[in-house]
Amino acid sequence: MKNKNFTIHTQLNQQLITHLNKLQDRYSKILPIRIDIHYAKDDKFNTNIHIAKQEITCLLFQAMQFELDIVGYAVVMEFNQNKHIHFHAIFYVNGQKRQKYYPVYVELERAWHELTNGYLYDCQRNNYCINGLKMINHHDHEAFRSACYMLSYLAKTEQKEAFKKRYSDCLFLSEVPPPSHRGKPRTLGVSKFLIPLSI
């Protein structure tokens, strides 16, 4: 399932879906948290790709160290019409340990503000026609497909002109540890048959 309001880069979209599939193989419940990350409007570095990459990498490293049960992330860098950098992010939380997103959002907002004096936008408050922010259980096909729709927005080519030669340069994905193989094996999970490019 893709957002048809934008031009979706197929390879970028597939990387995002594959990453989510790997997380599904590792965690039985995943809570996605959708956030937009912005610099302060008067920040003189908000057009510098090199510095922006350093600062978002620092935030993502901190996020994985916090005791927030974050198990992964997918982030893309974009430029608005004024050539100012912003990020679209999805943080994945272990749904077995946490069911509410807001404490995670507050801590991430604090960390980004301390790092850059910037701010976050809470996308969870939006009323999306397709809600890709529901808890994803391993066998919940609808939640997974809705999450794929949400991910496709991150894979849009619009506002990524600076990365036209290699779109993967705008993408930040967390590493995913292999499945633990503890407990009862999950069979016929969503990821086993919803990975095709046609999603």
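Counting from 1, the numbers follow the sequence of the chain as shown. We use all heavy atoms of the structure for the numbers below, so side chains are in, but hydrogens, waters and symmetry mates are not. From a predicted model like this one, the values you see are computed outputs, not experimental measurements.
- Within the 4.5 Å cutoff, side-chain heavy atoms of Phe172 are placed close to those of Ile56.
- Put simply, the side chain of Tyr27 never gets that close to the backbone of His138: no donor and acceptor are under 3.5 Å apart.
- Side chains of Glu158 and Thr7 form a contact here, defined as non-hydrogen atoms less than 4.5 Å apart.
- In terms of modelled atom types and a separation under 3.5 Å, the side chain of His38 and the main chain of Tyr119 share no donor-acceptor contact.
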Next item on the list: Kindly determine whether Tyr101 and Asp122 satisfy side chain to side chain donor-acceptor pair (under 3.5 Å), including the steps that lead there.
Entry: CA-CA 10 Å; Tyr101 83 93; Asp122 180 5; 2.7 Å; yes
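- Here the straight-line distance linking atom OH of Tyr105 with atom OH of Tyr121 works out to 9.0 Å at 0.5 Å rounding.
- For the salt bridge (Lys or Arg N to Asp or Glu O under 4.0 Å) test, no residue two or more places apart in sequence or in another chain qualifies with Glu109.
- Glu78 and His88 form a side-chain donor-acceptor contact under 3.5 Å, judged by distance and modelled atom types alone.
- Gln54 places a side-chain heavy atom less than 4.5 Å from the side chain of His50.
- Two residues are said to be in side-chain contact when any heavy atoms from C-beta on lie closer than 4.5 Å; Ile35 and Cys123 fail this criterion.
- Taking every heavy atom of both residues into account, Ile85 and Met77 meet most closely at CG2-CG, 3.7 Å.
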Next item on the list: Start with the C-alpha distance between Val75 and Leu171, add both sets of side-chain angles, then the distance that settles side chain to side chain contact (heavy atoms under 4.5 Å, CB included), and finish with yes or no.
Entry: CA-CA 6 Å; Val75 180; Leu171 179 63; over 6 Å; no
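- Side-chain N or O atoms of Gln62 include none that pairs as donor or acceptor with a backbone N or O of Ala111 at under 3.5 Å.
- With rounding to the nearest 0.5 Å, the separation of CG in Leu154 from NZ in Lys160 is 6.5 Å.
- Contact between Phe87 and Ala52 at its shortest, heavy atoms only, is CZ-O, 3.8 Å.
- In this structure, a donor-acceptor pair under 3.5 Å is absent between the side chains of Tyr102 and Gln124.
- Of the possible polar contacts, one joining the Arg98 side chain to the Leu68 backbone as a donor-acceptor pair under 3.5 Å is found.
- Here Cys148 contributes atom SG and Ile17 contributes atom CD1; the two are 4.0 Å apart, rounded to the nearest 0.5 Å.
- Judged by distance alone, the side chain of Glu107 and the main-chain N or O of Pro103 form no donor-acceptor pair under 3.5 Å.
- Taken from CG in Leu173 to NZ in Lys22, the straight-line distance is 9.0 Å, to the nearest 0.5 Å.
- Checked by atom type and distance alone, the side chain of Ser174 pairs as donor or acceptor with a backbone atom of Tyr73 at under 3.5 Å.
- Judged by distance alone, the side chains of Gln11 and Ser168 never bring a donor and an acceptor atom under 3.5 Å apart.
- Residues Gln96 and Ser28 approach most closely at NE2-OG, 2.7 Å, considering heavy atoms.
- No side-chain heavy atom of Ile37 sits less than 4.5 Å from a side-chain heavy atom of His86.
- Under the side-chain contact (heavy atoms from CB on, under 4.5 Å) test applied with Gln14, the options Thr18, Leu12, Leu16 reduce to a single match, Thr18.
- Under a 3.5 Å cut-off, the side chain of Thr116 and the backbone N or O of His113 do not form any donor-acceptor pair.
- For the pair Val93 and Ile30, the minimum side-chain heavy-atom distance is 4.5 Å or more.
- With a 6.0 Å cutoff to the six-membered ring centre and a 45° limit on the axis angle, Lys156 counts as a cation-pi contact of Tyr153.
- Summarising the geometry of Thr157 relative to His9, their closest heavy-atom pair is CG2-CB, 3.9 Å, with the distance given to 0.1 Å.
- With respect to Lys164 and Glu161, no salt bridge is recorded, no charged nitrogen being found less than 4.0 Å from a carboxylate O.
- Within a 6.0 Å radius of CD in Glu175, no more than 12 heavy atoms belonging to other residues, nucleotides or ligands are found.
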Note to self: I'd like to know whether Glu55 forms a side chain to side chain contact (heavy atoms under 4.5 Å, CB included) with Ile51, so could you lay out the CA-CA distance, the side-chain angles of the two residues, the decisive distance to 0.1 Å, and finally the verdict.
What the structure shows: CA-CA 6 Å; Glu55 291 178 333; Ile51 291 177; 3.7 Å; yes
Note to self: Walk me through whether Phe144 and Gln24 qualify under side chain to side chain contact (heavy atoms under 4.5 Å, CB included).
What the structure shows: CA-CA 10 Å; Phe144 179 83; Gln24 275 195 300; 3.1 Å; yes
Next item on the list: Could you please spell out the steps behind the side chain to side chain contact (heavy atoms under 4.5 Å, CB included) verdict for Leu151 and Ile90?
Entry: CA-CA 8 Å; Leu151 285 169; Ile90 299 173; 3.4 Å; yes
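- Remark: side-chain polar atoms of Asn82 are not paired, donor with acceptor, to backbone N or O of His84 under 3.5 angstrom.
- Without hydrogens or angle criteria, Lys53 side chain to Asp169 main chain gives a donor-acceptor distance under 3.5 Å.
- Considering all non-hydrogen atoms of both residues, Pro32 and Met150 come closest at CB-CE, 4.0 Å.
- Val106 has its side chain out of reach of Arg110: every pair of non-hydrogen atoms, C-beta onward, lies at least 4.5 Å apart.
- Heavy atoms only, all atoms of each residue included: Leu20 and Tyr92 are closest at CD1-CE2, 3.8 Å.
- The side chain to side chain donor-acceptor pair (under 3.5 Å) check on Asn80 picks up nothing, with sequence neighbours excluded.
- Classification of Lys44 and Asp42 as a salt-bridged pair fails, no side-chain N sitting under 4.0 Å from a carboxylate O.
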